[in-house]
Participant: 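This is the structure I want to talk about, given as structure tokens.
Residue numbers start from 1 in every chain, and the chains themselves are labelled A, B, ... in the order their sequence lines are given, proteins ahead of strands. Small disclaimer: the values here were computed from a predicted structure and weren't measured. Side chains included, hydrogens not; waters and symmetry mates left out as well; all remaining heavy atoms used.
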Amino acid sequence: AQTVTQSQPEMSVQEAETVTLSCTYDTSESDYYLFWYKQPPSRQMILVIRQEAYKQQNATENRFSVNFQKAAKSFSLKISDSQLGDAAMYFCAYRRIRGGADGLTFGKGTHLIIQP
Amino acid sequence: NAGVMQNPRHLVRRRGQEARLRCSPMKGHSHVYWYRQLPEEGLKFMVYLQKENIIDESGMPKERFSAEFPKEGPSILRIQQVVRGDSAAYFCASSVSGNTEAFFGQGTRLTVV
């Protein structure tokens with residue numbers, strides 16, 4: 001079974017600084033998707049960024065980028081120029097690719113605090 | 001194009017009652033996923049459905065829980081004889097197909113008293 005581990009229950013960063021959230025996963029599959037989701041107090045799950053395992057290039061979305069290390073099964077999220085609106089729970093998630101579809105496997109989340 | 005709609009947003013049930021949670025997928029989406037989020041936890045996959053079919057229910061508790069996605073109307077997650085441990089946020093997500101991005105609803109918070 002796949003597992004996703006987020007070892008940082010909480011992280012704090014000064015506004016405008018850079019912060020990195022860690023995620024490791026375990027799988028025997030060679031091809032899969034990895035995601036970072038943001039959950040603000042409204043509870044809405046918002047997709048931040050997505051990475052296909054077969055792509056060597058790290059995904060980027062504006063101020064958000066990932067460091068994907070497939071051999072190490074590591075998938076960290078870097079948030080540059082942190083803003084107050086970035087404060088939320090962040091969840092790392094995994095989904096394997098197969099003929100049908102699978103649900104997402106989530107980590108327990110990291111609570112990100114932005115200090116003004 | 002409205003997003004994934006879940007209702008009710010909040011549901012309170014007494015122990016032993018039934019809870020019915022509804023999910024209307026985005027227009028054009030025929031794949032629906034249900035997840036449960038316990039306090040201080042990530043989301044846990046419960047079930048994956050297509051219209052009129054359950055594709056994967058490996059995350060669904062064996063008793064008291066059932067899900068359907070009829071040809072017409074929303075997907076329903078049904079919990080019979082609720083217990084305090086069922087208190088959680090239940091999320092629905094929908095997608096166009098099995099390998100495309102899934103969009104989440106805002107969840108239903110179930111409280112069992």
Participant: For Lys44(B), look at atom NZ and say whether over 12 heavy atoms of other residues, nucleotides or ligands are found less than 6.0 Å away.
Facilitator: yes
Participant: Mind checking whether Phe69(B) and Ile76(B) sit in one hydrophobic cluster, side chains of I, L, V, M, F, W, Y counted as touching below 4.5 Å?
Facilitator: no
Participant: Please classify the contact between Tyr37(A) and chain B as side chain, backbone, both or neither, with a heavy-atom cut-off of under 4.5 Å.
Facilitator: side chain
Participant: Please indicate whether Gln57(A) has more than 12 foreign heavy atoms, meaning atoms of other residues, nucleotides or ligands, lying under 6.0 Å from its CD.
Facilitator: no
Participant: Check whether Val48(A) and Val66(A) end up in the same hydrophobic cluster, where Ile, Leu, Val, Met, Phe, Trp and Tyr are linked by side-chain heavy atoms less than 4.5 Å apart.
Facilitator: yes
Participant: Give a yes or no on whether Met5(B) atom CE has more than 12 heavy-atom contacts from other residues, nucleotides or ligands under 6.0 Å away.
Facilitator: no
Participant: Under a 4.5 Å heavy-atom cutoff, which of His111(A), Gln39(A), Arg43(A) has the most pairs with chain B?
Facilitator: Arg43(A)
Participant: Near Arg63(A) CZ, under 6.0 Å, is it more than 12 heavy atoms from other residues, nucleotides or ligands?
Facilitator: yes
Participant: So does Lys73(A) have more than 12 non-hydrogen atoms from other groups sitting under 6.0 Å from NZ?
Facilitator: yes
Participant: What distance do Phe106(A) atom CZ and Gln37(B) atom CD have between them, rounded to the nearest 0.5 Å?
Facilitator: 8.5 Å
Participant: Check for me, please, whether Ile49(A) and Met89(A) land in the same ILVMFWY cluster - side-chain distances under 4.5 Å, paths through other members count.
Facilitator: no
Participant: Roughly how far, to the nearest 0.5 Å, is the CD atom of Gln2(A) from the CZ atom of Phe45(B)?
Facilitator: 11.5 Å
Participant: Examine distances only and state if a side-chain atom of Tyr35(B) and a backbone atom of Leu104(A) form a donor-acceptor pair shorter than 3.5 Å.
Facilitator: yes
Participant: Among residues 102-113 of chain B, which residues come closer than 4.5 Å to chain A, judged by heavy atom distances?
Facilitator: Ala102(B), Phe104(B), Gly105(B), Gln106(B), Gly107(B), Thr108(B), Arg109(B)
